[in-house]
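Below, chains carry the letters A, B, ... as their sequence lines are ordered, and counting in each starts from 1. This one's a predicted model, so the numbers in the text were calculated from it and none came from an experiment.
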Amino acid sequence: MDLSDLSPAQREAVTHGEGPLLMLAGAGSGKTRALTHRVAYLIDSGRARPGEILAITFTNKAAREMATRVDRLLGGASGVWVHTFHAACLRVLRREAEGVGYPSTFAVYDSADQERLMRQVVQESGRSEREWPAAAVLARISRAKAELVGPEAFRRRYGGEFRADGVADLYARYQRALEASAAMDFDDLLRLAVLLFQTRPEVLAAYQERFRYILVDEYQDTNTAQYAWVRLLAGERRNVSVVGDPDQSIYGWRGADFRNILRFREDYPGARVVRLVDNYRSTGRILAAANAVVRHNAERLEKDLVATRGEGVPIGYAEGSDEAEEAALVVGEIARLIGEEGLAPSDIAVLYRTNAQSRPLEEALLRLALPYRLVGAARFYDRAEVKDALAYLRLVVQPRDRVAFVRAAQSPRRGLGEAALARLVAYAQERGGDLVQALAEADAVPGLTAPARRGAAALAEVLAQAARMEAEGRGPVAVLSFLIHESGLAAHLEGQRGVDPLAEGRLENLDSLVGKAREAEGQGISLSADFLAQVALASSLEEAAEGEGAVTLMTLHTAKGLEFPVVFLTGLEDGLFPHVRSLAEPAQVEEERRLMYVGVTRARDRLYLTRARARAGHGQSGTAVASRPSRFLAEIPQDLLAPFGAAAPVLLAPSRPWGGAVARPPTAAPAWTARPVWEGTEGGAFAPGEEVVHPHFGPGTVVAVRGSGPEAVVSVAFPGGGVRHLLVAYAGLRRVGA
DNA sequence: TATAGTGATGTTTTT
DNA sequence: CATCACTATA
């Protein structure tokens with residue numbers, strides 16, 4: 001294997017033999033490369049067979065990338081386990097579920113499912129949902145689970161503190177409800193995987209024997225459960241290689257503890273430590289800014305990134321009077337970079353602290369007809385109709401899944417209301433918890449109305465038939481399409497066509513869902529349970545199509561691990577970034593600062609920093625609040641900065657036929673005028689049925705119009721893209737042929 | 001008692 | 001602006 005293109009430090013890490021290894025790797029120092037090469041090296045040198053290596057990454061996307069790169073280095077599919085902690089634990093638990101008292105068909109609850117269940121639990125405990133918001137309670141419970149603290153331990157530890165007794169009670173109830181549903185939430189996947197190893201020495205021994213080498217990426221973001229799991233699995237052999245950067249620990253809020261990496265040498269005495277500090281990614285100025293910012297953290301290992309490239313150009317800085325102007329400045333500069341400097345849109349990323357900040361940026365990009373992709377917003381799997389369809393499938397796989405039951409029973413409406421569901425659930429709980437069985441025996445359930453009985457019987461029949469199909473091994477595609485059509489879901493949506501302009505798009509989404517199942521089957525997934533697990537762990541990040549000629553918009557958190565030639569960091573205001581909710585705790589401000597460090601170090605060649613002098617408060621209308629510049633700005637040496645984009649105000653641009661080359665803004669005399677685009681819409685308002693073209697979404701059909709003039713909202717159906725509601729004033733819609 | 005329609009209301013970051 | 005909780009109606 002060719003190791004000649006590695007630095008000496010990288011090579012030392014890659015060729016390390018037995019025993020613990022700690023790679024302290026700064027941003028852009030080639031840690032992923034080192035990790036990937038190490039996996040390949042272990043196999044290539046005969047130290048391990050592919051099946052004996054477990055590599056843990058932080059995201060599914062990173063896992064896929066690493067697997068691909070390892071395979072490429074080895075010249076073929078290798079079969080190394082490359083997974084996130086959650087996926088790896090899930091895979092183990094699926095095989096060993098009985099060991100922790102679960103059926104192997106256990107369901108996996110995503111955060112929406114967790115919230116639904118918690119809301120029910122709060123209600124059943126007689127508490128008010130206003131006083132005990134499910135999300136907040138779950139956040140505390142999640143932290144506890146990440147630290148392997150159960151309900152009882154929680155009460156012992158925090159009892160008497162503000163609301164802790166209530167949370168402890170809800171924790172215990174929630175856990176019982178999960179178990180009754182034969183479901184695990186994300187934290188349980190880790191917690192129970194640890195429990196399994198702790199209580200089943202023979203199981204642990206088998207996995208220790210199997211995984212002779214363990215590699216963990218982003219080790220600074222591991223929580224107690226993940227830490228413990230690795231420790232157990234590593235056993236006496238201690239062949240653990242971890243990579244991380246304490247300065248990039250940004251998940252403390254979900255239980256990650258960067259002290260895990262600082263402690264590594266104590267936990268694994270004799271560990272070899274390799275430091276990767278040479279940065280191959282960014283220009284000198286960008287690194288100087290990154291170093292300067294993170295140096296303000298008190299709790300930290302001293303470590304400066306060393307530049308290996310030239311100084312580069314100054315860091316751009318600009319302020320807008322409000323978020324719209326800030327966005328216009330950013331987008332104006334983007335247009336200039338593309339038009340004058342020949343950069344591709346995919347070279348550019350715009351980062352922000354909160355998802356809500358994307359909107360003004362999107363609007364500005366749409367106005368200039370610049371293509372963009374928004375990473376990490378709404379998940380496909382979070383759409384209502386998709387969740388409906390999946391709820392049916394979940395019930396087939398796991399008839400005790402209560403969240404799925406409630407959802408499936410009520411969509412479409414079939415005479416089963418709140419009261420009927422409560423009775424069915426109660427009936428089921430008295431005899432083992434099988435909710436589908438309760439449906440089938442609805443005639444025996446007291447207190448149901450006649451329509452409720454009919455609805456229950458019909459649903460039970462469909463589910464029974466689907467269960468038969470599943471048992472015959474017909475696969476997720478067949479079972480899912482059967483359910484979509486026989487449950488009445490498709491029929492209901494078809495009936496809504498013409499009434500609800502969204503119905504068409506929903507039907508298309510159901511088709512896409514079946515398509516996803518088909519894809520999964522193509523990857524060898526033949527059980528619906530496995531398909532559902534894949535769905536639950538899928539994040540919104542992986543769905544966004546890869547860079548194809550579009551500017552990338554995403555949060556700073558999702559940008560971790562990525563790099564772009566040009567990066568804009570927006571919303572640099574105290575209270576937004578650092579976020580208000582971190583301001584009270586110095587440790588949390590330090591985490592925000594690390595987030596800033598992560599953001600800055602995403603940039604290869606050019607970095608821009610922006611803020612708005614005032615920003616609209618939460619309510620949308622009018623009330624903009626003055627802001628102060630982010631404290632992180634002042635921490636950057638001012639001689640690294642230079643203003644940008646001062647003079648050129650970005651006006652409304654005329655729309656451009658979709659599909660053409662990327663907008664090339666005129667350099668000298670602008671050919672465009674400030675004329676709002678709707679004035680060009682000859683013949684006035686749009687009407688349903690008209691064919692139109694949208695600069696970003698492409699061709700579509702108008703399905704509904706509300707209001708008139710520039711304020712009008714047009715609903716347009718795009719093939720594949722569903723239905724979007726567009727404000728005529730901004731959408732830049734053109735009639736076909738106009 | 002189920003449902004459809006109408007208001008209020010809310011935004012940190014994610015496996 | 002979209003979900004969700006609440007209310008009026010059937």
Side-chain angles (χ1 to χ4, degrees), chain A residues 56-63 83-90 108-112 114-116 119 123 128-130 133-135 139 142 145-146 185-190 218 221-223 225-226 250-256 351-359 375-379 382-384 409-423 447-452 455 499-500 502 536-542 554-560 571 575-583 588 591-592 594-595 598-599 615-621 713 724-727:
Chain A
I56 300 289
T57 60
F58 197 67
T59 64
N60 293 305
K61 185 163 167 253
H83 287 304
T84 63
F85 271 111
H86 295 269
C89 290
L90 173 68
V108 177
Y109 275 13
D110 67 14
S111 32
Q114 292 177 44
E115 249 179 73
R116 283 233 156 66
R119 214 174 284 146
Q123 274 172 10
S128 95
E129 291 193 61
R130 211 176 45 77
S142 174
K145 285 191 181 184
D185 64 16
F186 285 158
D187 302 303
D188 281 338
L189 292 175
L190 306 174
E218 308 282 10
D221 281 322
T222 52
N223 63 32
Q226 293 164 334
I250 56 175
Y251 284 97
W253 51 273
R254 75 177 208 210
L351 310 183
Y352 36 79
R353 178 66 239 268
T354 69
N355 279 119
Q357 287 166 254
S358 70
R359 195 164 293 273
V375 182
R379 283 197 332 163
D382 285 340
R383 309 198 156 197
Q410 299 198 312
S411 48
R413 297 293 180 165
R414 52 167 65 81
L416 295 168
E418 206 186 330
L421 289 185
R423 290 183 195 279
L448 294 189
T449 62
V499 188
D500 180 356
L502 297 172
L537 291 181
S539 81
S540 46
L541 307 185
E542 18 240 304
M554 63 182 149
T555 65
L556 286 149
H557 280 87
T558 59
K560 190 169 79 155
L576 185 61
F577 187 30
H579 198 271
V580 243
R581 297 189 46 173
S582 71
L583 259 33
Q588 288 188 40
E591 178 153 311
E592 297 277 307
R594 291 193 293 271
L595 193 55
V598 166
R615 190 171 289 272
H618 290 310
Q620 60 234 20
S621 55
V713 175
R724 309 201 98 91
H725 309 288
L726 307 161
L727 204 54

Worksheet entry | W253(A) aromatic ring stacked with six-membered ring of dT13(B), 5.5 Å and 30° | yes
Item to complete: Could you check whether A356(A) gets within reach of a base, just the sugar-phosphate, or nothing at all, counting any heavy atom under 4.0 Å?
Response: base
N/O to N/O distances under 3.5 Å, protein versus nucleotides 3-6 of chain B:
{"unit_1": "dT3(B)", "atom_1": "OP1", "unit_2": "G415(A)", "atom_2": "N", "d": "3.0"}
{"unit_1": "dT3(B)", "atom_1": "OP2", "unit_2": "R413(A)", "atom_2": "NH1", "d": "3.2"}

Fill in: Upstream residue (5' side of DNA chain B) when R423(A) and L595(A) are each assigned their closest nucleotide
R423(A)
Worksheet item: Once you round it to whole Å, what is the distance between P of dT14(B) and CZ of F58(A)?
Response: 10 Å
Worksheet entry | Pairwise P distance for dT11(B) and dC6(C), with rounding to whole Å | 16 Å
Worksheet item: For the side chain of A419(A), counting heavy atoms from C-beta on, which of dT14(B), dT15(B), dA2(B) is nearest?
Response: dA2(B)
Tabulate protein N/O versus nucleotide N/O from nucleotides 4-8 of chain C, keeping only pairs under 3.5 Å, one per line.
{"unit_1": "dA5(C)", "atom_1": "OP1", "unit_2": "R119(A)", "atom_2": "NE", "d": "3.4"}
{"unit_1": "dA5(C)", "atom_1": "OP1", "unit_2": "R119(A)", "atom_2": "NH1", "d": "3.3"}

Worksheet item: Mind checking what makes side-chain contact (heavy atoms from CB on, under 4.5 Å) contact with P451(A), not counting sequence neighbours?
Response: T449(A), R454(A)
Worksheet item: Could you give the CD1-to-C1' distance, from I250(A) to dT13(B), as a whole number of Å?
Response: 8 Å
Worksheet item: How are the rings of W253(A) and H557(A) set to each other: parallel, tilted or perpendicular (split at 30° and 60°)?
Response: perpendicular
Worksheet item: Would one find a side-chain N or O of N223(A) under 4.0 angstrom from OP1 or OP2 of dT15(B)?
Response: no
Fill in: Any T59(A) side-chain N or O less than 4.0 Å from OP1/OP2 of dT14(B)
no
Practice prompt. Let me know the distance between CD of E115(A) and C1' of dT14(B), rounded to the nearest Å.
Written response: 13 Å
Worksheet entry | Whole-Å gap separating P (dT13(B)) and CZ (R254(A)) | 13 Å
Item to complete: List in chain and number order the residues that pass side-chain contact (heavy atoms from CB on, under 4.5 Å) with A409(A), two or more places apart in sequence or in another chain; answer none if no residue qualifies.
Response: L416(A), L421(A), L459(A)
Discussion item. Just to verify, what does D221(A) make a salt bridge (charged side-chain N to carboxylate O under 4.0 Å, His left out) with, not counting sequence neighbours?
Written reply: K560(A)
Item to complete: Starting from C1' on dT14(B), measure out to CE on M554(A) and report it in whole angstrom.
Response: 14 Å
Worksheet item: Which residues satisfy the salt bridge (charged side-chain N to carboxylate O under 4.0 Å, His left out) test with R119(A), sequence neighbours excluded?
Response: E115(A), E129(A)
Worksheet item: Checking only heavy atoms, does the side chain of H86(A) share a donor-acceptor pair with the base of dT15(B) at less than 3.5 Å?
Response: yes
Worksheet item: Okay, side chain of E592(A), backbone of S582(A): is any donor-acceptor separation there less than 3.5 Å?
Response: no
Worksheet, complete the sentence: Distance col, row N60(A):CG vs H83(A):NE2, nearest 0.5 angstrom, shows 9.5 Å
Item to complete: Select from F85(A) and R581(A) the residue whose nearest nucleotide in DNA chain B is closer to the 5' end of that strand.
Response: R581(A)
Discussion item. Taking any heavy-atom pair under 4.0 Å as a contact, classify Y251(A): base, sugar-phosphate, or nothing.
Written reply: sugar-phosphate
